[in-house]
Amino acid sequence: MSLLEANEPRRFGRYPEYGVSIAAIGAEVLPRLDAAALASALRRLTPEELAGALSSKLVPLVSLPGLQLFAACGKRADEVALAEGLDVAATAEVPVFMDAVRAAHGPRLLREAVWGLKWRMPHYSASRRLSAWQAIVLLILLVVAVVALMVLPAMLGWMLASTLAGLFFLAVIALRMLCLLPPIRRGPAPRVQIPDAELPVYSVLVPLFRETAVLGQLLGALTSLQYPDDKLDIKLILEEGDILMRRALAAIRLPGCFEVIVVPSGTPQTKPRALNYALPFCRGQLLTIFDAEDIPEPMQLRQAASSFAARPAHVACLQAQLLFYNPNENWLARGIMAQVPQASACGFRFVP
């Protein structure tokens, strides 16, 4: 056991009364915390400390003047602690960390996932279906329609209703016909070549629910992404009640850049709720969302990172062309290809 220099990060074997007596390289001499001990430490954190712990998996255990000790949960967290010169006093496995988070803050994270947008930015939330002026306009239209049906002859009222319905369906047909026009030609998107060492960490959220049939295809596509493993942060998001998906993933040895997040049971059980729950665990500066049936281009993340680097900091979202794997299979596939919007979000950037 070799002692570290005073200016290097230490690995503490025990710290009774915060008096450090063992310092060694490597995590094998460190105590391993269980979920209960980690949950106790997580409950003591401030909101800012908790946000940092969720993304980095470095849990502050002791915070005193001149002494701050952490629990490193997982290999990547230990590497980050070494790189940043943080003192690690204990370790834990990533699944144990996730269990501790659910025990300590699961209900709070769920409330934030469901109601957080309404609390912080109600003008962007759909929790209230109609604004005041929208309700007034709708009420006026309803009154006008009722009065018209009472005053006008029945045949004239039905003719008016048929005309309005026809205009609506004509607008839908016109939109589909516009999709058949040649696409607008744009110049090449600006990009900046970024060396691997300078690429930002990219988080990938993949919500899954009862989709074991495409799991092999999905994992094959995700492992084919051409992005450095240490800069890749892939979150596979499962529902607590989806036992089949949880068993299927438990039987697979996932690469180190993958992490499984289990969303506690609750309502509404929707994809946005699952994504919002997983968002605090992301450590990337850039983020994208893939569905289970998606097969992303291997260079997509690298190209998105290059495009973000070439644009101003206020640009928060990039869109790429959405392609189907079988557009020429038959007339139905060609029709679907012509009618759907030809753009898909390929990346988001966290903007202060």
Side-chain angles (χ1 to χ4, degrees), residues 51 54-55 98 109-110 112-117 120-121 124-126 189 199-229 231-240 242 245-246 249 254-255 257-264 266 268-309 311 315-325 340-351:
L54 292 181
S55 59
M98 301 304 296
L109 292 176
L110 283 177
E112 175 67 22
V114 176
W115 303 108
L117 184 62
R120 295 192 306 272
M121 293 178 286
Y124 289 133
S125 172
L199 282 170
V201 176
Y202 216 125
S203 292
V204 179
L205 296 181
V206 188
L208 302 171
F209 183 66
R210 297 178 180 175
E211 291 169 300
T212 54
V214 296
L215 184 58
Q217 170 188 287
L218 172 67
L219 295 179
L222 293 176
T223 53
S224 298
L225 292 172
Q226 299 299 306
Y227 209 81
D229 285 347
K231 301 294 184 69
L232 200 52
D233 178 38
I234 301 177
K235 311 292 188 186
L236 303 178
I237 310 169
L238 310 181
E239 294 289 343
E240 188 175 26
D242 193 357
M245 282 297 304
R246 295 177 63 181
L249 279 174
L254 296 172
C257 59
F258 282 74
E259 181 179 312
V260 177
I261 296 178
V262 178
V263 182
Q269 186 174 302
T270 60
K271 185 179 297 186
R273 171 179 171 269
L275 292 170
N276 287 340
Y277 181 86
L279 189 59
F281 297 93
C282 294
R283 60 186 183 90
Q285 293 83 46
L286 303 180
L287 177 140
T288 191
I289 300 169
F290 292 144
D291 285 328
E293 65 274 10
D294 286 345
I295 306 177
E297 287 290 330
M299 294 296 292
Q300 179 175 318
L301 301 188
R302 190 179 291 269
Q303 292 172 358
S306 299
S307 296
F308 271 122
R311 287 172 167 79
V315 176
C317 178
L318 291 179
Q319 286 190 323
Q321 186 177 11
L322 177 62
L323 296 177
F324 290 84
Y325 69 91
V340 299
Q342 296 300 296
S344 174
C346 71
F348 300 90
R349 174 161 56 186
F350 292 97
V351 177

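Remember, it's a predicted structure, so these values are computed and weren't measured experimentally. For the numbers below, each heavy atom of this structure counts, side chains included, while hydrogens, waters and symmetry mates do not.
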Closest contact, heavy atoms only, [X] versus [Y]:
X: Pro280; Y: Leu54; answer: O-CB, 3.6 Å
X: Tyr277; Y: Ala113; answer: N-CB, 3.6 Å
X: Ile289; Y: Pro207; answer: CG2-CD, 4.2 Å
X: Glu211; Y: Leu208; answer: OE1-CA, 3.5 Å
X: Pro200; Y: Leu286; answer: CG-CD1, 3.7 Å
X: Leu199; Y: Tyr227; answer: CB-OH, 3.7 Å

Distance-only, no hydrogens or angles: does the [X] side chain make a donor-acceptor pair with backbone N or O of [Y] under 3.5 Å?
X: Arg349; Y: Phe308; result: yes
X: Arg246; Y: Leu238; result: no
X: Gln226; Y: Ser224; result: yes
X: Glu259; Y: Lys235; result: no
X: Asp242; Y: Arg210; result: yes
X: Asp294; Y: Asp291; result: yes

Test side chain to side chain contact (heavy atoms under 4.5 Å, CB included) applied to Leu109 and Phe281, step by step
CA-CA 11 Å; Leu109 292 176; Phe281 297 93; 4.1 Å; yes
What is the distance from atom [atom1] of [X] to atom [atom2] of [Y], rounded to the nearest 0.5 Å?
X: Asp233; Y: Tyr202; atom1: CG; atom2: OH; answer: 12.0 Å
X: Ile234; Y: Leu301; atom1: CD1; atom2: CG; answer: 8.0 Å
X: Leu218; Y: Thr212; atom1: CG; atom2: OG1; answer: 12.0 Å

Check whether any side-chain heavy atom of [X] sits under 4.5 Å from a side-chain heavy atom of [Y], and report yes or no.
X: Leu117; Y: Asn276; value: no
X: Glu239; Y: Arg273; value: yes
X: Met98; Y: Val262; value: no
X: Ile237; Y: Leu275; value: yes
X: Leu222; Y: Phe258; value: yes
X: Ser203; Y: Leu279; value: no
X: Pro255; Y: Thr223; value: yes

More than 12 heavy atoms of other groups within 6.0 Å of Glu297 CD:
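No, because the 6.0 Å sphere around CD of Glu297 holds 12 heavy atoms or fewer from other groups.
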Apply side chain to side chain contact (heavy atoms under 4.5 Å, CB included) to residues Leu236 and Leu254 and explain how you reach the verdict.
CA-CA 11 Å; Leu236 303 178; Leu254 296 172; 4.1 Å; yes
